[in-house]
Amino acid sequence: MNSRAYITTPIYYVNDRPHIGHAYTTTICDIWARATRAMGTDVFFLTGTDEHGVKVEKSAAARGISPQALADENAAEFQRVLATFALTNSDFIRTTEPRHTTQVQAFLRKLVASGAVYLGTFEGWYDEGQEEYHTENRARELNYKSPISGKPLVRASEQNYYFRLSAFADRLSQHYADHPGFVRPAERCNEMLGRMRDGLQDVPITRTNFSWGIPMPDAPGHVVYVWIDALLNYVTALGLGSDDVSTNGRAHYWPAQYHIVGKEILWFHAVIWPALLMALELPVPRCVYAHSFWIADGQKMSKSLGNFIDLPTIERYTTTYGLDAWRWYMATQGPIAATDSDFNAKHFHETHTNDLVNTVGNCPSRVGAMIGKYFGGILPGDAEQGGSWPSRCAGSVEKWERAMAAFDLVGASRCAMDLLRQVDAMINETEPFKLAKDPANAARLASILNQCAQVVRLAGVLLEPFLPIKGRELAMAFGGVPDAGTPWDSRRTYGVLAEGTPIAKVALFPRVDRPIESVPATPA
RNA sequence: GGCGAUGUAGCUCAGCUGGUUAGAGCGGAGAAUUCAUAAUUCUUAGGUCGGCGGUUCGAAUCCGCCCAUCGCCA
């Protein structure tokens, strides 16, 4: 792991309403950012909004407001989401901000100057809703109607600027070959490789049929295609396109460690984006990670079904179960791998009960209770020096660190849970509550409870990126000092709780009686 | 239509380059136990490993075909 790292979410399109997809991506990035920061790495975590394009222009026109007003309104909505989920993004970039637009223009000048971008003509069938052209064959298959909206395709011809993607085919292939983990998971990487084998065509990167975009430099009437505009956010936020790159002190975060994206936008991130960076002579990101989708109660979420898990729905979960429980469900049950995950109330409830109430909540509770009862809430000493725990814990922590570095959130969460389960098992095995009945066992009893407390504290540290609120509560109860800010080397080690430390009994996750009723389709 | 997957216990899934009685978690069942949030620990599920055929001494694991589901593309 480097001493610095950069992680990004896609920037969210302001024409959409925030829903579980946005919350999910941002949440898993946040968990990684928190964990990586905890390990002592300087993490820059970026999210933001994508605000240009014909869709925004049209939606705004339909409401009789300016595109900027619409963007302002919805960007605020997305920012409200961040506040709701207590996310720790380092910055929030909006593509209508001058800091972005001026750099985008600077980048485009460079691309034109180097010949990577050129002026060309294109004629084809245009889908106005989707802002995309279809080939003649495809258009015929579609009956000359948009596959999304059903509206007729329009015959259109444009003189556009093109990005010479075809020229980067070899370099891209080489990069994929040299960096096996460049696109993950592996299934997605295969898709990209397969598609690249079919050949790379140059891509148009400007439009002339609308105006809500960044003007192409020295080309009146041309507006930068929203995708190119949007991709560049990852580097404009760091100031890589400004005249004096050193001014804001962010340039050294590049290249990104992780671009976390949904699988539907992987092509842009895994092929066009690295080629664009190559054309700009900038380093390519280390990993583009494409997660899959949440589906709702077994059904794909769609506008027509109106079954999006939207913000109000999410808030029902966070008020009932707490924000940490939401994050836990996102991280441990989510579609981080190549297959989609089903979101349903029953599964959420079971995960909450099993993992959080019965394990993360109950284990510290029983340990705290015994230390309270038998030692007046003061941690007793351990003449056994932790027995086998120090080495077992060290192993778990290393596994956790490796999992986190690899963006294996599920694996990391398991490391922490395993520690708590081992504590539960030890209590059953050694039966401290029986030893407590005979004063002759005092030393043994002290050792057992000391060890349990040490492991619980450590597990709490490993859980904190997932459960920031409850993790802090646990840290407060077991030691009384929130140890954020203390070096990772000491936090990650077994046995930092000194004899005499006050230990309180806590009930971190109250039981919830029954699941929230399965969410019916909310009217669109 | 092309490319790529997936289909394993009620549910969610592990099973790498083929090899003794096919695994985990959750749910269900039984037992132990009482420090704890009716928590915990242990035992337990006899699932034709989608179907058919093939290769092999031997296949969930390789090959072919078929069925189902899905992703990307055209």
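Every chain is numbered from 1, with letters handed out A, B, ... down the list of sequences.
Residue A:Asn358 has its side chain nearest to B:rU40 when only B:rA38, B:rU40, B:rA36 are considered. Relative to the side chain of A:Lys434, the nucleotides B:rC26, B:rU34, B:rC72 differ in distance, and B:rU34 lies closest.
Heavy-atom contacts from other residues, nucleotides or ligands closer than 6.0 Å to CG of A:Asp178 number more than 12. More than 12 heavy-atom neighbours from other residues, nucleotides or ligands sit within 6.0 angstrom of CZ on A:Arg164.
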- Residue pair A:Tyr317, A:Phe343: steps toward the ring pair (Phe, Tyr, Trp, His ring centres under 6.0 Å) verdict: CA-CA 12 Å; A:Tyr317 282 89; A:Phe343 186 99; 5.1 Å; yes
- Task: In sequence, state the C-alpha distance, the side-chain angles, and the governing distance for A:His175 and A:Phe182, and then conclude on ring pair (Phe, Tyr, Trp, His ring centres under 6.0 Å).
- Result: CA-CA 8 Å; A:His175 188 79; A:Phe182 176 56; 4.6 Å; yes
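Atom-to-atom, CD1 of A:Ile295 to C1' of B:rU12 comes out at 12 Å; the value is rounded to the nearest Å. Note: CZ (A:Arg366) to P (B:rU33) measures 15 Å, nearest angstrom. Between A:Asn428 atom CG and B:rA31 atom C1' the separation is 13 Å, expressed in whole Å. One interatomic measurement links the two molecules: CG of A:Asn190 to P of B:rU6, which rounds to 10 Å at whole-angstrom precision. Rounded to an integer number of Å, the gap from A:Met192 CE to B:rG2 P is 20 Å. In this structure, A:Met370 places its CE atom 14 Å from P of B:rU40, rounding to the nearest Å. The interatomic distance linking A:Leu266 (CG) with B:rC73 (P) rounds to 10 Å, in whole Å. In this structure, A:Arg197 places its CZ atom 18 Å from P of B:rC72, rounding to the nearest Å.
Residue A:Asn362 places a side-chain atom within donor-acceptor reach of the base of B:rA36, judged by atom type and a 3.5 Å distance cut-off alone.
Salt bridge annotation for A:Asp418-A:Lys399: absent, with no cationic side-chain nitrogen under 4.0 angstrom from a carboxylate oxygen.
Using P as the reference atom, B:rC49 and B:rC72 are 31 Å apart when rounded to the nearest Å. Taking the P atoms as reference points, B:rG19 lies 41 Å from B:rA32, given to the whole Å.
Mapping A:Asn354 and A:Thr359 onto RNA chain B by nearest heavy atom places A:Asn354 closer to the 5' end of the strand. Heavy-atom nearest nucleotides on RNA chain B were determined for A:Gly194 and for A:Val506, and the one closer to the 5' end corresponds to A:Gly194.
Side-chain contact, A:Gln454 with A:Asn450: a donor N or O sits under 3.5 Å from an acceptor N or O.
Remark: aromatic rings of A:His52 and A:Tyr225 are distant, center separation not under 6.0 Å.
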- Pair assignment for RNA chain B - dot-bracket with | for other-strand partners, Watson-Crick or G-U under 3.5 Å: (((((((..((((.....[...)))).(((((.......))))).....(((((..]....)))))))))))).
